[in-house]
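In what follows, a single structure is set out as structure tokens and then discussed.
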2 protein chains.
Amino acid sequence: MAKNGSYVSEAVIRRMPKYYRYLEDLEKSGVERVSSKELSQRMGLTASQIRQDFNCFGGFGQQGYGYNVSDLKREIMKILGLDRTYNVIIVGAGNIGQALANYTGFEKEGFFIKALFDINPKLIGMSIRDIMIYDLDSLEDFLEKNPIDIAVISTPKDKAQEVADRLTANGIRGIWNFAAVDVAVPRGVIAENVHLSDSLFTLSFRIRESLD
Amino acid sequence: MAKNGSYVSEAVIRRMPKYYRYLEDLEKSGVERVSSKELSQRMGLTASQIRQDFNCFGGFGQQGYGYNVSDLKREIMKILGLDRTYNVIIVGAGNIGQALANYTGFEKEGFFIKALFDINPKLIGMSIRDIMIYDLDSLEDFLEKNPIDIAVISTPKDKAQEVADRLTANGIRGIWNFAAVDVAVPRGVIAENVHLSDSLFTLSFRIRESLD
DNA sequence: ATAATTTTGTTAAAAGATTGTCATATTGAG
DNA sequence: CTCAATATGACAATCTTTTAACAAAATTAT
């Protein structure tokens with residue numbers, strides 16, 4: 001996907017979902033074309049950076065015209081891997097696990113939650129939006145019988161690594177981790193750590209900073 | 001707090017909560033001292049970067065010895081503004097709002113949730129862990145009578161900016177935003193945008209990338 | 001008590017990211 | 001059809017961040 005198989009920096013990748021958000025808004029508002037200048041004003045970036053970013057993946061624009069919103073959005077979806085669907089399971093049916101299962105927004109982007117797992121007998125057998133909560137003991141069995149692409153870890157932090165190990169040992173190649181530890185995964189497996197509290201602490205840092 | 005009032009870069013700030021996490025783990029394991037080298041191996045950073053980071057805020061270490069874990073942790077807590085408490089409200093008592101209200105972990109760090117607000121009549125009057133859900137109409141009234149430091153926005157995205165405006169108009173200086181838009185705030189107000197889906201899309205980008 | 005080892009804080013160098021500039025292509029107005 | 005305006009893609013310059021190197025200080029071992 002990258003322009004000539006060359007390396008694309010972390011910073012650029014992290015901006016791609018943001019471009020996607022803004023382009024989706026533009027498309028919904030019926031805007032057909034957009035220049036890097038206009039997009040830069042909306043997004044609070046420089047026009048130069050936007051052009052540079054898109055050019056990491058190939059030239060999607062046209063001189064004198066700008067970028068076609070729908071085309072560009074489609075390209076970014078391809079880049080982000082949003083041109084396919086993903087089967088997802090959630091391990092840990094506590095607060096976050098349940099909230100994610102209840103949220104219907106990810107389905108629109110192609111992420112389908114197929115099951116939840118927990119060790120709490122009170123939760124096992126229940127379902128959320130018709131998604132069953134299974135005993136964590138049956139995790140390996142389930143993974144063998146169902147093609148799952150992504151696993152969410154929303155367990156307490158002291159169980160997260162153990163769960164990650166079981167997931168990767170059974171073929172999971174993508175982990176979205178909400179536990180407050182960085183999980184280690186073998187080469188070839190992708191782990192995205194969320195760390196909500198890091199974000200809260202950054203906020204409190206800035207509040208503190210703004211006071212002196 | 002910064003070494004001599006000088007600017008500390010975004011990149012350094014974003015690493016601080018991570019240091020805090022690792023230092024807390026070390027302290028809990030009874031480790032008394034740690035060198036930048038050992039910490040670097042645990043955290044997957046370079047020792048040089050760790051020393052450089054800490055020196056943005058003043059020298060907390062000692063040559064030949066390293067860093068005292070408890071002292072360093074305490075310093076980082078001060079830097080992050082975790083040496084005080086914060087009163088928090090949550091606007092939007094849907095999936096994420098409820099999950100955050102149910103989660104007890106933030107209290108340990110000094111963040112106390114005082115109220116939730118929603119427009120759904122079925123939710124208004126209920127409570128979560130003894131935290132009342134109020135009518136959003138009473139937001140201004142509540143903010144006048146209670147000293148609130150931080151507001152969480154967990155509304156649908158089309159309501160987020162309007163809520164942010166009402167919050168900042170009534171004295172809120174810190175916003176933790178979970179809605180899928182970047183909220184704009186006036187100077188002097190800090191907004192931390194979470195964007196869970198950005199994180200999920202980064203994961204799908206990497207999965208896609210790993211396939212070719 | 002002394003020497004070898006450890007390890008910081010600092011400075012310098014290297015690497016990486018962002019911004020500015022400009023030639024060139026396209027559009028749109030007259 | 002021609003000309004001015006627009007806007008990209010590429011490259012160069014600047015700025016930021018990370019890594020490396022090292023002198024100085026403290027610790028540890030003998």
Side-chain angles (χ1 to χ4, degrees), chain A residues 1-19 22-23 26 31-73 75-76 79 202 205, chain B residues 1-19 22-23 26 31-76 79 202:
Chain A
M1 172 55 54
K3 207 167 181 183
N4 39 40
S6 70
Y7 169 79
V8 177
S9 82
E10 176 74 16
V12 174
I13 294 163
R14 292 275 161 197
R15 279 192 293 271
M16 285 293 142
K18 183 166 173 171
Y19 290 127
Y22 278 82
L23 287 167
L26 283 171
V31 178
E32 264 182 35
R33 56 186 264 192
V34 69
S35 67
S36 58
K37 190 180 169 195
E38 198 196 323
L39 201 50
S40 74
Q41 286 158 354
R42 285 176 184 268
M43 295 184 64
L45 305 171
T46 64
S48 196
Q49 180 167 65
I50 290 174
R51 292 201 299 276
Q52 188 102 305
D53 282 354
F54 293 162
N55 273 91
C56 292
F57 302 97
F60 307 133
Q62 193 163 36
Q63 287 161 328
Y65 175 88
Y67 299 87
N68 179 289
V69 170
S70 299
D71 289 353
L72 182 55
K73 190 195 127 192
E75 288 297 335
I76 290 177
I79 291 165
T202 305
F205 170 90
Chain B
M1 172 56 53
K3 205 166 181 182
N4 39 39
S6 70
Y7 169 79
V8 177
S9 83
E10 176 75 17
V12 175
I13 294 163
R14 292 275 160 197
R15 278 191 294 270
M16 285 294 143
K18 183 166 172 169
Y19 290 127
Y22 277 82
L23 287 166
L26 284 171
V31 177
E32 265 182 32
R33 56 186 264 191
V34 69
S35 68
S36 58
K37 189 180 169 197
E38 198 197 325
L39 200 51
S40 74
Q41 285 159 353
R42 285 177 184 267
M43 296 184 64
L45 305 172
T46 64
S48 196
Q49 179 167 65
I50 290 174
R51 293 202 296 277
Q52 188 102 299
D53 282 355
F54 292 161
N55 273 91
C56 292
F57 301 98
F60 307 131
Q62 193 164 34
Q63 286 161 327
Y65 175 88
Y67 299 87
N68 178 290
V69 171
S70 299
D71 290 354
L72 182 56
K73 190 195 126 192
R74 200 173 318 112
E75 289 297 336
I76 290 177
I79 292 165
T202 305

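Rounded to an integer number of Å, the gap from B/L45 CG to D/dT17 C1' is 13 Å. A/K37 places its NZ atom 18 Å from the C1' atom of D/dG9, with the value rounded to the nearest Å. For the pair B/Q49 CD and D/dT19 P, the interatomic distance rounds to 5 Å; values are reported in whole Å. Put simply, CD on A/E10 is 13 Å from P on C/dG16, counting in whole angstrom units. Atom CZ of A/F60 and atom P of D/dT8 are 14 Å apart (whole Å). Regarding A/R15, its CZ atom lies at a distance of 12 Å from the C1' atom of C/dT19, rounded to whole Å. Distance A/Y65 OH to C/dT26 P: 14 Å, rounded to the nearest Å. Distance A/R51 CZ to C/dT24 P: 16 Å, rounded to the nearest Å.
Shown here is A/E32, whose CD atom has no more than 12 heavy atoms of other residues, nucleotides or ligands within 6.0 Å. Residue B/K18 qualifies as enclosed at atom NZ: its count of foreign heavy atoms under 6.0 Å is above 12.
A sub-4.0 Å separation between OP1 or OP2 of D/dT28 and a side-chain N or O of B/R33 is present. Put simply, B/N55 has a side-chain N or O that comes within less than 4.0 Å of OP1 or OP2 on C/dT10. The side chain of B/S36 contributes an N or O atom lying less than 4.0 Å from OP1 or OP2 of C/dT8. An OP1 or OP2 oxygen of D/dG9 is reached within less than 4.0 angstrom by a side-chain nitrogen or oxygen of A/Y67.
Across all strands shown, B/S48 has heavy atoms under 4.0 Å from base atoms, whether or not it also approaches the sugar-phosphate. Residue contacts shown for A/F54 are absent, as no nucleic acid heavy atom lies under 4.0 Å away. Here A/T46 lies in heavy-atom contact (under 4.0 Å) with sugar-phosphate atoms only.
The closest side-chain heavy-atom distance from B/Y67 to B/L26 is not below 4.5 Å. Contact check for B/F57 versus B/V8: side-chain heavy atoms found under the 4.5 Å cut-off.
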Checklist entry - Could you walk me through whether B/K73 and B/F60 pass the side chain to side chain contact (heavy atoms under 4.5 Å, CB included) check? => result CA-CA 10 Å; B/K73 190 195 126 192; B/F60 307 131; over 6 Å; no
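Sequence order on DNA chain C of the closest nucleotides to B/S35 and A/Q62 puts B/S35 first from the 5' end.
Side-chain atoms of A/Q63 and base atoms of C/dT26 include no donor and acceptor less than 3.5 Å apart.
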